[in-house]
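Everything on this sheet refers to the single structure shown next.
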Amino acid sequence: LFIHNYYKFSYKQIWILYLCFFIGIVNPLINLKISQAPFENLYAREHSYILKVIKQTDTKLDCRIKYVDKEKFGCPGKVKITVYGKVGNLTGSYLKANLVLEKPKPRSNPHCFDYRKYLFSKGIFATASTYSVEILKEGDSFKSRIIDKRNSFIEKIDEESAAMIRGVCFGDKSEIDEENLKEFQRNGTAHVLAVSGLHIGVIYALLKRLFYKRNRAAFYAILILTLFVYGVMTQWAVSVIRASLLIGVNLLSFIFERRY
């Protein structure tokens with residue numbers, strides 16, 4: 001009724017919105033079952049895999065399987081691999097490794113965090129660990145180069161400060177020692193170590209202050225490029241995607257002179 005009265009939508013349009021909302025809920029559940037099924041034949045057995053690294057957090061790699069024992073694997077589901085030891089930036093790289101995939105463990109106690117459901121919600125249906133991987137092809141994408149620039153900048157700073165910058169600016173808490181993490185939690189300030197819409201808001205406000213009144217076209221171009229680069233640096237955290245989409249809607253409202 002609110003949508004009908006305030007936005008002057010017809011009831012037909014409202015039912016279309018309801019249908020889209022319903023499809024948005026049901027579609028992930030269907031895709032979850034379809035994507036998980038091919039992994040059932042891979043669990044607890046050693047196979048030779050060729051994988052593409054989609055996302056990297058320190059030594060943890062989110063990979064998409066391309067080949068299993070030289071046979072093409074067409075499932076879109078991902079695998080989370082832990083590589084023991086120091087690894088460089090592997091984002092976008094193709095790797096070869098012999099792995100034993102394991103199904104993520106469910107929660108052991110009622111009402112506790114369910115790691116399996118968490119990974120499934122991210123499209124990750126298996127975990128594995130290894131001491132070494134063979135790099136078949138290094139990532140040479142624009143995304144990979146941005147990550148390399150970010151890492152090279154951070155490496156120039158002392159170790160403790162670098163860990164803090166990773167956490168505050170990019171939401172990467174992997175190198176912050178446990179004592180500092182607990183201190184943040186005790187002080188109630190642990191949220192500063194997570195990338196949020198506030199980061200995007202600061203970037204938007206700063207660029208708008210500098211360029212909006214001088215040249216709007218340049219402002220739009222610089223803002224879009226900056227948000228894309230920052231999104232890649234943060235590995236496209238959900239909060240970054242959400243805030244960027246809302247800013248995009250806000251910009252469209254200015255361009256088309258419509259109510260936001």
Going from [atom1] on [X] to [atom2] on [Y], what distance comes out if it is rounded to the nearest 0.5 angstrom?
X      : Y      : atom1 : atom2 : value
Thr91  : Ile54  : OG1   : CD1   : 9.5 Å
Arg116 : Thr127 : CZ    : OG1   : 10.0 Å
Lys52  : Ile65  : NZ    : CD1   : 14.5 Å
Cys63  : Ile81  : SG    : CD1   : 4.0 Å
Met233 : Ile146 : CE    : CD1   : 6.5 Å

For residues [X] and [Y], report the shortest heavy-atom separation together with the two atoms involved.
X      : Y      : result
Lys103 : Phe120 : CE-CZ, 4.3 Å
Glu102 : Ala44  : OE2-CA, 4.4 Å
Ser48  : Lys96  : OG-CE, 3.7 Å
Ala243 : Gly197 : CB-CA, 3.9 Å
Asn41  : His47  : O-NE2, 4.3 Å
Gln56  : Leu90  : OE1-N, 2.6 Å

Check whether any side-chain heavy atom of [X] lies under 4.5 Å from a side-chain heavy atom of [Y], and answer yes or no.
X      : Y      : value
Leu119 : Phe125 : no
Tyr84  : Thr130 : no
Ile124 : Val79  : no
Ile50  : Leu136 : yes
Ile247 : Ile200 : yes
Tyr131 : Val83  : no
Leu251 : Tyr220 : yes
Leu227 : Ile224 : no

Query raised in the report: Phe73 vs Phe39 aromatic rings, parallel, tilted or perpendicular, using cut-offs 30° and 60°?
Result: perpendicular
Is [X] linked to [Y] within one hydrophobic cluster, defined over Ile, Leu, Val, Met, Phe, Trp and Tyr using a side-chain heavy-atom separation of less than 4.5 Å?
X      : Y      : value
Leu207 : Val202 : no
Leu101 : Tyr115 : no
Val229 : Ile241 : yes
Tyr118 : Leu61  : no
Tyr230 : Val238 : no

With a 6.0 Å cut-off (strictly less than), is the heavy-atom count around [atom1] of [X], excluding the residue itself, greater than 12?
X      : atom1 : value
Phe113 : CZ    : yes
Lys137 : NZ    : no
Tyr43  : OH    : yes
Glu40  : CD    : yes

Query raised in the report: For Tyr204 and Leu223, what are the C-alpha separation, side-chain angles and deciding distance, and is it a side chain to side chain contact (heavy atoms under 4.5 Å, CB included)?
Result: CA-CA 7 Å; Tyr204 174 67; Leu223 178 62; 3.6 Å; yes
Query raised in the report: Any sub-3.5 Å donor-acceptor pair from Asn215's side-chain atoms to Ala217's backbone N or O?
Result: yes
Query raised in the report: Does the Asp114 side chain pair with the main chain of Lys117, one donor and one acceptor, at a distance under 3.5 Å?
Result: yes
Query raised in the report: Ion pair present between Asp62 and Lys78, side-chain N to carboxylate O less than 4.0 angstrom?
Result: no
Query raised in the report: For Lys60 and Thr82, what are the C-alpha separation, side-chain angles and deciding distance, and is it a side chain to side chain donor-acceptor pair (under 3.5 Å)?
Result: CA-CA 5 Å; Lys60 295 185 182 296; Thr82 301; 3.3 Å; yes
Query raised in the report: How would you list, by chain and number, every residue that makes a ring pair (Phe, Tyr, Trp, His ring centres under 6.0 Å) with Tyr212, sequence neighbours excluded?
Result: Phe219
Query - Check: Tyr67 ring centre within less than 6.0 Å of Tyr49 ring centre - result: no
